Amino acid sequence: MEPSPAAGGSETTRLVSPRDRGGAGGGLRLKSLFTEPSEPLPEEPKAVEMAFHHCHRDPGPPPGLTSERLQARRQLYAACAVCFVFMAGEVVGGYLAHSLAIMTDAAHLLADVGSMMGSLFSLWLSTRPATRTMTFGWHRSETLGALASVVSLWMVTGILLYLAFLRLLHSDYHIEGGAMLLTASIAVCANLLMAFVLHQAGPPHSHGSRGPEYAPLEDESAQPLPLGNTSVRAAFVHVLGDLLQSLGVLAASILIYFKPQYKAADPISTFLFSICALGSTAPTLRDVLRILMEGTPRSIGFEPVRDTLLSVPGVRATHELHLWALTLTYHVASAHLAIDSGADPEAVLAEASSRLHSRFGFSSCTLQVEQYRPEMAQCLRCREPPQA
């Protein structure tokens with residue numbers, strides 16, 4: 001074989017015949033050719049973020065720290081520091097005042113610290129990229145962190161309710177009204193400060209999935225739902241429950257300070273406001289369970305999505321429509337589209353994906369296009385699911 005010029009200065013190997021070089025024998029030998037680089041080596045193609053792609057029209061949350069996660073982390077760090085400082089103060093104040101209500105509030109602050117640390121851990125975990133095992137990434141760890149926060153509050157509240165019940169049965173305790181009043185006043189200020197730090201008027205500006213704040217374009221009367229990071233929202237609800245209890249403890253401490261004989265107000269306030277704290281977790285618990293049970297996102301209806309897909313030119317029927325969420329702001333959809341024989345599958349796929357992204361803000365859409373067949377109308381698996 002005749003040698004061919006090497007490309008770009010790289011080392012190449014070729015087979016040459018000895019007869020062509022005047023050598024004896026008819027075998028082939030291996031020869032290496034080294035050439036000086038005549039031009040720079042071609043660079044390998046780099047991954048470029050495209051503004052538009054056939055299946056990445058609206059990408060999901062990136063694996064790094066988004067602006068939402070950075071804001072959530074800052075809020076949780078600040079609230080956790082404030083919570084820890086005032087928790088230590090309440091423990092000391094409750095011990096000096098012999099007040100179960102103050103110790104109850106301190107225990108709730110301890111639960112807040114633990115839940116916020118768990119939320120910070122879940123935020124860090126959710127930044128890990130997707131793998132072949134965790135193909136959706138770790139975004140749902142935020143939801144698990146919110147669930148842990150709710151469960152921890154329920155456990156601590158149950159213990160304190162038991163202790164308050166014992167105090168109502170036995171009156172062998174004494175309360176220092178002055179220390180209780182001072183500590184309760186500081187606790188109210190601490191909870192107000194934490195609520196201010198964690199308060200979210202709405203999610204930050206984003207070009208990604210709109211999630212729960214989405215309102216259909218056709219519905220001009222719909223109002224956006226104020227909702228942000230799941231972990232921060234759970235911590236905020238947690239602090240609101242503590243604030244209610246702190247106000248109750250403050251009222252009880254004022255009563256005990258001026259009327260020491262009414263010391264039963266201490267366990268009574270613990271009992272009443274612990275129940276209020278449990279009730280405040282109901283919305284967060286409902287959303288968390290809906291996500292973990294792969295339920296349809298609260299702000300998106302099954303019928304509007306189905307009707308949108310059926311309105312695409314060329315689509316005769318749709319089945320296997322599934323809507324779910326990884327977090328409160330990461331919504332996913334998948335469906336089979338049965339099209340007419342004369343319809344262009346690529347055009348139908350592009351138009352259906354565009355409508356789902358623009359009208360509902362799905363982070364990920366997976367659509368399978370297939371030819372419509374009359375027997376699909378009789379197929380049990382192609383029927384729509386019943387109303388819940």
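Not measured: the values here are computed from a predicted model.
- Without hydrogens or angle criteria, Ser353 side chain to Ala350 main chain gives no donor-acceptor distance under 3.5 Å.
- At least one side-chain heavy atom of Phe302 sits under 4.5 Å from a side-chain heavy atom of Leu321.
- For the side chain to side chain donor-acceptor pair (under 3.5 Å) with His319, the lone residue among Gln368, Glu384, Glu370, Arg306 that qualifies is Glu370.
- A side chain to side chain contact (heavy atoms under 4.5 Å, CB included) with Ser253 is found for exactly one of Leu181, Ile102, Ile175, namely Leu181.
- Annotation for Phe165: hydrophobic cluster partners, listed by chain and number, are Leu169 (ILVMFWY side-chain heavy atoms under 4.5 Å, direct or chained).
- Without hydrogens or angle criteria, Thr157 side chain to Trp154 main chain gives no donor-acceptor distance under 3.5 Å.
- At least one side-chain heavy atom of Phe360 sits less than 4.5 Å from a side-chain heavy atom of Pro304.
- Side-chain atoms of Ser311 and Arg355 form a donor-acceptor pair, as typed in the model, at a separation below 3.5 Å.
- In the hydrophobic cluster analysis, where Ile, Leu, Val, Met, Phe, Trp and Tyr join through side-chain heavy atoms closer than 4.5 angstrom, Leu247 is grouped apart from Ile256.
- Side chain of His357 to backbone of Phe362: a donor-acceptor contact under 3.5 angstrom is found.
- Closest non-hydrogen pair, Ala130 versus Phe136, comes out as CB-C, 4.3 Å.
- Closest of all the heavy-atom pairs between Leu367 and Ala352 is CD1-CB, 3.6 Å.
- Hydrophobic clustering, with ILVMFWY side chains joined whenever heavy atoms are under 4.5 angstrom apart, groups Ile186 together with Met87.
- Looking at Arg140 and Glu294, a side-chain N of the basic residue comes within less than 4.0 Å of a carboxylate O on the acidic one, giving a salt bridge.
- Residues Arg359 and Thr308 have side chains in contact (heavy-atom distance under 4.5 Å, counting atoms from C-beta outward).
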